[in-house]
Peer 1: 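Below is a structure I'd like to ask you about.
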Amino acid sequence: MDAETQQRNQQKAIEAGEMGRVLNITNPKEQQLQQSQQQQQQQLEQPQQSEKQAAAAGDVEEGATKRRHATSVLEASVHLFKGSVGAGLFAMGDCFKNGGLLGSTLLLPVIAVMCVHCERLLIKGSLVAVSKTPGATFYDYPDTVEKCFEYGPRPLRCMSRAMKLIVEMFLCVTQFGFCAIYFVFITENLYQVLQQNGVDISMSMVMLITLLPAMIPSLMTNLKYISPVSMVANFALLFGLIATLTIAFSEGPMPSITERNLFTGGTQLSLFFGTALFSYEGIALVLPLRNSMRDPEKFTNRFGVLNVTMVLITALFIFTGFVSYMRWGDDVAGSITLNLEVEEVMSQVVKIVAALGVFFGYPIQFFVMMKILWPPFKRSYNCAQKNPITIQVILRFFMVMLTFGVALVVPELSLFISLIGALCSTSLAFVIPVLIDFVIRAQEPKGLGTLVYLKNIAILIIALLGIVTGTYQSIVEIINKFV
């Protein structure tokens with residue numbers, strides 16, 4: 001009876017299927033023969049599948065590499081130029097006022113050479129970190145610092161996370177400063193134009209008017225909706241610079257060089273250092289740009305992207321600063337557009353176009369700052385993980401209002417530029433790359449020779465002097481403006 005019951009149950013399973021499967025009942029010999037045939041077929045197909053998978057993996061890797069290294073030498077140069085030339089270019093007149101005609105002309109190339117050298121140290125550190133990390137292809141600035149300390153001498157490994165946070169903080173503060181400076185730049189130029197045309201409103205009200213149009217694009221969370229305005233900003237800034245220098249030359253004979261300071265010292269020299277370092281603001285772009293190139297080696301060649309672009313930028317800075325200081329002397333403003341005669345229609349057009357150029361650049365700088373702030377903020381709060389878009393828009397709104405508030409209380413553009421340059425830009429451009437070089441060379445036998453050691457110490461001393469004196473003097477000058 002039990003045998004008959006089992007047979008009926010087996011037949012039902014065959015007809016209905018168990019868990020959606022059809023069961024085939026075969027005798028043991030036939031089942032063994034079928035299994036043997038299937039195993040032989042799998043062994044024959046396995047090499048072919050492995051070859052196909054390897055070929056597919058190779059295609060994916062090659063495609064990813066091509067997508068990653070898609071930037072040409074010219075494109076990389078343009079991006080580095082755009083990232084390094086901003087509002088600081090219009091402050092070169094004030095920079096030369098603080099450094100003197102001859103002193104600034106000699107010191108700017110020295111600072112440029114130091115910047116390039118430290119950027120090379122940063123690139124070397126990134127390559128070393130990638131080589132020691134299985135599966136890694138690229139590290140940006142904060143991750144490079146973290147990995148270099150993580151693979152460094154044992155006593156320094158515990159500092160890896162802290163060093164990454166410090167770099168992220170300095171990058172964030174620098175971008176925040178750029179955004180606040182942009183507000184001040186826009187407001188001062190528009191205020192002069194409105195006053196000239198009979199619109200009698202306060203500078204604070206002008207800044208409030210610019211807040212709403214600056215906020216709308218800044219609330220967007222996708223860069224593809226923001227990046228098109230970057231090209232407009234570049235053309236506007238270039239037009240503003242060319243037009244300003246043209247007006248400077250057309251105002252009559254230049255004053256005698258004897259009427260200008262050739263050298264300065266003390267307080268003014270510290271302010272010069274901060275403004276100069278602020279103007280070379282592209283170190284955060286170095287690693288992403290190099291990684292995006294078709295031939296990354298061409299970025300750091302003798303006549304590669306980094307060297308050639310920095311020579312052009314430095315020449316532009318020297319020419320702009322020299323002409324501006326020669327024309328307006330000690331009266332040169334934090335932005336040379338403010339020295340133009342506002343009564344002339346052409347000068348008003350230049351001020352408006354330059355303000356628009358900086359205005360269109362604000363969302364890009366703000367996006368970079370939010371890219372640093374948002375990931376740790378999202379990891380720290382559950383509400384940001386549940387409603388990422390809503391919380392990010394709220395955070396963006398808060399940060400726009402914060403940059404507006406800082407710009408509202410800062411009395412003078414040039415002092416703010418010097419403060420950000422002395423405190424943050426100097427640390428990012430000089431101090432951190434030298435520390436990375438020390439950490440890397442400490443792992444190599446005889447890697448830290450006497451010349452290398454003295455060179456790095458000299459850079460650190462210059463950087464620390466610039467940080468201490470520039471930051472102190474900028475804060476003192478800002479306080480004096482309130483008194």
Peer 1: Would you say L156 and V439 make side-chain contact, with heavy atoms under 4.5 Å?
Peer 2: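 Yes. Closest side-chain heavy atoms under 4.5 Å.
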
Peer 1: Side-chain contact test, heavy atoms from C-beta onward, threshold under 4.5 Å: evaluate it for K386 versus I391 and give yes or no.
Peer 2: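 Counting from C-beta outward, K386 and I391 never come under 4.5 Å.
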
Peer 1: Verify side chain to side chain contact (heavy atoms under 4.5 Å, CB included) between F138 and L287, making sure each step is shown before the conclusion.
Peer 2: CA-CA 8 Å; F138 165 71; L287 293 178; 3.9 Å; yes

Peer 1: Has the side chain of T275 got a donor or acceptor atom that lies under 3.5 Å from a matching backbone atom of F272?
Peer 2: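 Not at all, since once roles are kept as given, no pair shorter than 3.5 Å links the two residues.
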
Peer 1: Any non-hydrogen side-chain atom of R396 less than 4.5 Å from a side-chain atom of F366?
Peer 2: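 With C-beta onward as the side chain, the pair touches.
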
Peer 1: Do the side chains of K124 and D437 get nearer than 4.5 Å, heavy atoms only?
Peer 2: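 Yes, at least one pair of side-chain atoms sits under 4.5 Å.
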
Peer 1: Is there a side-chain contact between F299 and V73 in this structure, where contact means two heavy atoms from C-beta onward sitting under 4.5 Å apart?
Peer 2: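 No, side chains not in contact.
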
Peer 1: Between I432 and M163, which heavy-atom pair has the shortest distance, and what is it?
Peer 2: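 Minimum heavy-atom separation between I432 and M163: CD1-CE, 4.0 Å.
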
Peer 1: Hey, what's the ring geometry for Y381 with F377, parallel, tilted or perpendicular (30° and 60° as the breaks)?
Peer 2: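 Tilted, since the angle between the ring planes falls between 30° and 60°.
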
Peer 1: Give me the ring orientation class for F404 and F183: parallel if the planes are under 30° apart, tilted from 30 to 60°, perpendicular past 60°.
Peer 2: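 Correct class here is perpendicular.
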
Peer 1: To the nearest 0.5 Å, what is the distance between CG on L102 and CG on N261?
Peer 2: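 If we round to the nearest 0.5 Å, L102:CG and N261:CG are 11.5 Å apart.
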
Peer 1: Under 4.5 Å between any side-chain heavy atoms of L306 and R120, yes or no?
Peer 2: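 Sidechains of R120 and L306: in contact.
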
Peer 1: Considering only heavy atoms from C-beta outward, does the side chain of T137 approach that of V130 to under 4.5 Å?
Peer 2: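 Sidechains of V130 and T137: no contact.
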
Peer 1: Once rounded to the nearest 0.5 Å, what's the spacing between atom CG of L108 and atom CZ of F322?
Peer 2: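 Between atom CG of L108 and atom CZ of F322 there are 12.5 Å.
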
Peer 1: Output yes when a side-chain donor or acceptor of R161 lies under 3.5 Å from a complementary backbone atom of E146, and no otherwise.
Peer 2: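 Absent.
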
Peer 1: Provide the closest heavy-atom pair for C424 versus V173 in the form atom of the first, atom of the second, distance.
Peer 2: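 Smallest interatomic distance, heavy atoms only, reads SG-CG1, 3.4 Å.
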
Peer 1: For E75 and S72, indicate whether the former's side chain and the latter's backbone hold a donor-acceptor pair under 3.5 Å.
Peer 2: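 Pair found, side chain donor or acceptor close to backbone of S72.
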
Peer 1: Can you tell me how far the CD1 atom of I186 sits from the CE atom of M207, to the nearest 0.5 Å?
Peer 2: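 Going from CD1 on I186 over to CE on M207, the span is 9.0 Å.
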
Peer 1: Test N98 against T264 for side chain to side chain contact (heavy atoms under 4.5 Å, CB included), laying out the working first.
Peer 2: CA-CA 7 Å; N98 291 322; T264 59; 5.6 Å; no

Peer 1: Determine whether C148 and I440 make a side-chain contact, defined as any pair of heavy atoms from C-beta on separated by less than 4.5 Å.
Peer 2: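 In short, these two side chains touch, coming nearer than 4.5 Å.
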
Peer 1: Do you know which of V128, V286, N291 makes side chain to side chain contact (heavy atoms under 4.5 Å, CB included) with I123?
Peer 2: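 Single pass found, and it is V286.
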
Peer 1: Looking only at atom types and distance, does a side-chain atom of S126 sit under 3.5 Å from a main-chain N or O of D140, one as donor and one as acceptor?
Peer 2: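 Absent.
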
Peer 1: Could you check F397 against V393 for side chain to side chain contact (heavy atoms under 4.5 Å, CB included), going step by step and ending with a plain yes or no?
Peer 2: CA-CA 6 Å; F397 175 83; V393 170; 5.6 Å; no

Peer 1: Distance check, rounded to the nearest 0.5 Å: I336 atom CD1 versus D94 atom CG?
Peer 2: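 These two atoms lie 11.0 Å from each other.
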
Peer 1: Is a side-chain donor or acceptor of S292 paired with a backbone partner of L289 at a separation under 3.5 angstrom?
Peer 2: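 Looks like yes, one N/O pair under 3.5 Å.
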
Peer 1: Is atom CG of L451 surrounded by more than 12 heavy atoms (other residues, nucleotides or ligands) closer than 6.0 Å?
Peer 2: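 Not buried by this count: 12 neighbours or fewer within 6.0 Å.
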
Peer 1: Any Lys/Arg nitrogen of K147 or D143 sitting under 4.0 Å from an Asp/Glu carboxylate oxygen of the other?
Peer 2: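 Salt bridge between K147 and D143, a charged N being under 4.0 Å from a carboxylate O: no.
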
Peer 1: At their closest point, which heavy atom of L428 faces which heavy atom of P433, and how far apart are they?
Peer 2: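 Nearest pair, atom of L428 first, then P433: O-CD, 3.4 Å.
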
Peer 1: Can you tell me if N307 uses its side chain to pair, donor with acceptor, with the backbone of F303 under 3.5 Å?
Peer 2: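 Here the side-chain-to-backbone pair does not exist.
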
Peer 1: For K455, does the NZ atom have more than 12 heavy-atom neighbours from other residues, nucleotides or ligands under 6.0 Å away?
Peer 2: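 Yes, enclosed.
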
Peer 1: Say whether, by atom type as modelled, one donor and one acceptor occur between the side chain of S427 and the main chain of L423 under 3.5 angstrom.
Peer 2: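 Judged by distance alone, yes, a pair lies under 3.5 Å.
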
Peer 1: May I ask you to check whether Y151 and T133 show a side-chain donor-acceptor distance below 3.5 Å?
Peer 2: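 Judged by distance alone, the side chains do pair up.
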
Peer 1: To the closest 0.5 Å, what do you measure between CE (M401) and CG (L408)?
Peer 2: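 Answer rounded to 0.5 Å: 9.5 Å.
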
Peer 1: Not counting sequence neighbours, list each pair that qualifies as a side-chain hydrogen bond (donor to acceptor under 3.5 Å, both in side chains) and has a residue in residues 309-325.
Peer 2: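 Output for this query lists Y280-T314.
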
Peer 1: Do T403 and Y362 get their side chains close enough for a donor-acceptor pair, meaning under 3.5 Å?
Peer 2: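 Yes, Y362 and T403 have a side-chain donor paired with an acceptor closer than 3.5 Å.
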
Peer 1: Does CZ in F263 sit with more than 12 non-hydrogen atoms of other residues, nucleotides or ligands closer than 6.0 Å?
Peer 2: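 Yes.
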
Peer 1: Working note: F273 + T426, criterion side chain to side chain contact (heavy atoms under 4.5 Å, CB included); need CA distance, chi angles, decisive distance, verdict.
Peer 2: CA-CA 9 Å; F273 189 81; T426 306; 3.7 Å; yes

Peer 1: What's the shortest heavy-atom distance between P142 and L171, and which atoms?
Peer 2: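 Reported closest heavy-atom pair: CG-CD1, 4.0 Å.
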
Peer 1: Checking the side chain of Q392 only, and the main-chain atoms of W374 only, is there a donor and an acceptor separated by less than 3.5 Å?
Peer 2: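 Between the backbone of W374 and the side chain of Q392 there is no qualifying donor-acceptor contact (under 3.5 Å).
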
Peer 1: List the atom of G357, the atom of A236, and the distance in Å for their closest heavy-atom pair.
Peer 2: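 Scanning both residues, the minimum pair turns out to be CA-CB, 3.4 Å.
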
Peer 1: Could you pull out every donor-acceptor pair under 3.5 Å between side chains of residues 459-469 and any protein atom, sequence neighbours left out?
Peer 2:
unit_1: T469; atom_1: OG1; unit_2: L465; atom_2: O; d: 2.5

Peer 1: What is the minimum heavy-atom distance between L237 and A354, and which atoms define it?
Peer 2: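 Residues L237 and A354, closest heavy atoms: CD2-O, 4.1 Å.
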
Peer 1: Got a sec, which pairs hit ring-ring contact (aromatic ring centres under 6.0 Å, His included) with one end in residues 87-111, sequence neighbours left out?
Peer 2: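 Passing the test, one end in residues 87-111: F90-F185.
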
Peer 1: With I436, which of V431, L121, V145 fulfils side chain to side chain contact (heavy atoms under 4.5 Å, CB included)?
Peer 2: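 When side chain to side chain contact (heavy atoms under 4.5 Å, CB included) is applied between I436 and each of V431, L121, V145, only V145 qualifies.
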
Peer 1: Atom CD1 in I420, atom OG1 in T174: separation rounded to 0.5 Å?
Peer 2: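 Between atom CD1 of I420 and atom OG1 of T174 there are 6.5 Å.
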
